[in-house]
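Heads up: the structure comes next, in structure tokens.
All of these numbers come straight from a predicted model, not from anything done at the bench. Below, read A as the first sequence line, B as the second, and so on, with proteins coming before strands; counting in each chain starts at 1.
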Number of protein chains: 2
Amino acid sequence: MPQVANFNYAEGVTSATFPASAPTGLQALFQKLPVERIAAGQSLFFEGDAAGHLFEVVEGSLRIFKIISDGRRVITGFLHDGDIIGVSLKSHYLYSAEAVTDIKVRRISRRTFETEVDKSPGLRPEVFAHLCDEMAAAQDQMVLLSRKNAEERVCSFLLKELLRDIDRRQSDNIIELPMTRLDIADYLGLTIETVSRTMTKLANKGVVAPAGRHSVRIVKRSALVLLAGNDDEYVDNTVEFASYARRSHH
Amino acid sequence: MPQVANFNYAEGVTSATFPASAPTGLQALFQKLPVERIAAGQSLFFEGDAAGHLFEVVEGSLRIFKIISDGRRVITGFLHDGDIIGVSLKSHYLYSAEAVTDIKVRRISRRTFETEVDKSPGLRPEVFAHLCDEMAAAQDQMVLLSRKNAEERVCSFLLKELLRDIDRRQSDNIIELPMTRLDIADYLGLTIETVSRTMTKLANKGVVAPAGRHSVRIVKRSALVLLAGNDDEYVDNTVEFASYARRSHH
DNA sequence: CGTGGTTTTGAGCACTCTCAAATCGTGTGG
DNA sequence: CCACACGATTTGAGAGTGCTCAAAACCACG
């Protein structure tokens, strides 16, 4: 069944997955706005702040996260170029946002955004689709956090990044991971040590190959798919790639 | 489960029996539609099905969930009377839905829903707000699953149910938990044994008191709040309710 | 009262975490 | 250009929380 749910991925509007190729109508709203530069480590906004703006990531990556008692951090997502931040907000930001790398963003005020969307009814379905995709991504993440072991989490993560690159037609099987191990750990609900050990294990198995500190080469994509344990389908070893191809082509 | 079925409300007069907050404009869309009864354990729809309908829960509780490989189940939410299912869907259901108790629901077709929303622009902000609230809930759940220990998870869950009752002005400090331990476990990312042990521990601490198999009396709400470890703020024991009111506030 | 399902309790184990140290990389200054 | 220094990552050893497997207790139902 999830193969159907995953058509959403294919449609490419997951918060984490905007095809760079086809800017959406939403992105057009930002087109004329000035680009701002923000240095790695700097914050765009904090959880609980009045949600004044939406942002479009023009270049670079950033993380969105929440902090709970005694400083535990939960990264609820990474955003990359082409992504839009802040659609699913009402009055206040639900999370903080920080630049992972030096980034460039454009910002639009919430008010402007709303009036623009009201003006062009064609945008409304797009806003709606965006919200649904965010929701689908959140649900997938809940599944990951709730029931997957360390290996499945890491594989799911790598696979997600890989598919993102494929959507953007940059699939040389090398994925860039600009974030630190700590970021990945806080995203996957693990510790840095466990992430590290799991990566090592995957490398030993020949599933991936180290390619510098911030990138990884995917050697056996099919193994990655299996290990990600994504869904229910009885996946014959020889077919699971087809299953993924189907997703990303639709 | 029969505690709900036994109430025997006259058909069609139901709206009077559901207090709580004023019915939203969204709920008004369902007002004239017939009530359907569904027995405990029956499915409303399955993950991956074409998303033909939205549902309003008139009475009873249900669970929404996803299944992954080797049968692991993740319950992503419980829904109770007054709740609406299916707003955040595009073409296909993201999850399956099953009745926990005997339930009554009303259904509206996706198409009708969309045209109605288009007709009454006043509804649009409501749909948007609904989506944002769903998103906020999903994020909270990610935090729970990612970084909370068993005790914090169970306390968070109890607290959530309690606050729901308070919102509906039924706060006698006894919360109904119509779902099974297995449901709770699959919602909290734990096993039934761990849920059970944690409940026992909370009872031993005097935080809660057993009150039949499907309900619990909250004895020390303030302790529950502390143990839920929800956020960063240092919450004074006397203020925690205010803190929660603020948070669930739209 | 039995019967079947659910929940609780118990004992042992495994996966991941914690704490600690070694190694690697990257940027800096001499 | 090299050496150094600091942070990030990896590796190691041991501990702990929650899981698994098993059995007892509980409860609703006939």
The side chain of Ser196(B) lies closest to which of these nucleotides: dT9(D), dG18(D), dT8(C)?
dT8(C)
Atom pair distance, as rounded to whole Å: CG in Asn149(B) and C1' in dG16(D):
12 Å
Please list all pairs meeting ring-ring contact (aromatic ring centres under 6.0 Å, His included) that have one or both residues in residues 160-185 of chain A, counting only residues at least two apart or in different chains.
none
Specify the separation, in whole Å, of atom CG of Asn204(B) and atom P of dT8(C).
12 Å
Tell me: CG of Leu182(B) to C1' of dT8(C), nearest whole Å?
15 Å
Tyr187(A): partners by ring pair (Phe, Tyr, Trp, His ring centres under 6.0 Å), with sequence neighbours left out:
Phe78(A), Phe157(A)
Any residue meeting side chain to side chain contact (heavy atoms under 4.5 Å, CB included) with Ala209(B), in chain and number order, not counting sequence neighbours
Arg217(B), Val219(B)
What pairs of nitrogen or oxygen atoms, one from the protein and one from nucleotides 1-5 of chain C, lie under 3.5 Å apart?
none

Note the angle between the end axes of the helix from dC1(C)-dG30(D) to dG30(C)-dC1(D), five pairs defining each, rounded to 10 degrees.
30°
Side-chain atoms of Thr200(A) come closest, of dT10(D), dT9(D), dG18(D), to dT10(D)
Quick one: side chain to side chain contact (heavy atoms under 4.5 Å, CB included) partners of Glu152(A), sequence neighbours excluded?
Lys148(A), Asn149(A), Arg72(B)
Only counting residues at least two apart or in another chain, list the ones meeting ring pair (Phe, Tyr, Trp, His ring centres under 6.0 Å) with Phe55(A).
Phe45(A)
Using the closest heavy atom to pick a nucleotide of DNA chain C for each, name whichever of Glu151(A) or Gly212(A) lands nearer the 5' end.
Glu151(A)
I'd like to check the side chain to side chain contact (heavy atoms under 4.5 Å, CB included) partners of Ile192(B); sequence neighbours left out, ordered by chain and number.
Arg181(B), Leu182(B), Ala185(B)
Note: Asp81(B)-Arg168(B) ion pair, threshold 4.0 Å (strictly below):
yes
For Met199(A) and dT10(D), what is the distance between atoms CE and P respectively, to the nearest whole Å?
7 Å
Please state whether the base of dT18(C) and the side chain of Arg197(A) form at least one donor-acceptor pair under 3.5 Å?
yes
Any ion pair linking Glu36(B) and Lys104(B) (charged N to carboxylate O, less than 4.0 Å)?
no
For Ala223(B), which residues count as a side chain to side chain contact (heavy atoms under 4.5 Å, CB included) partner, sequence neighbours excluded?
Val207(B), Lys220(B)
How close or far is atom P of dT9(C) from atom NZ of Lys201(B), stated in whole angstroms?
13 Å
Sequence-distant partners of Arg73(A), salt bridge (charged side-chain N to carboxylate O under 4.0 Å, His left out), two or more places apart
Asp183(A), Asp186(A)
Contacts of Glu134(B) meeting salt bridge (charged side-chain N to carboxylate O under 4.0 Å, His left out) (sequence neighbours excluded), chain-then-number -> none
Starting from the 5' end of DNA chain D, give me the residue, Arg181(A) or Arg147(A), whose nearest nucleotide shows up first.
Arg181(A)
With the threshold set at under 4.0 Å for non-hydrogen atoms, list the residues of residues 184-194 of chain A touching DNA chain D in residue-number order.
Glu193(A)
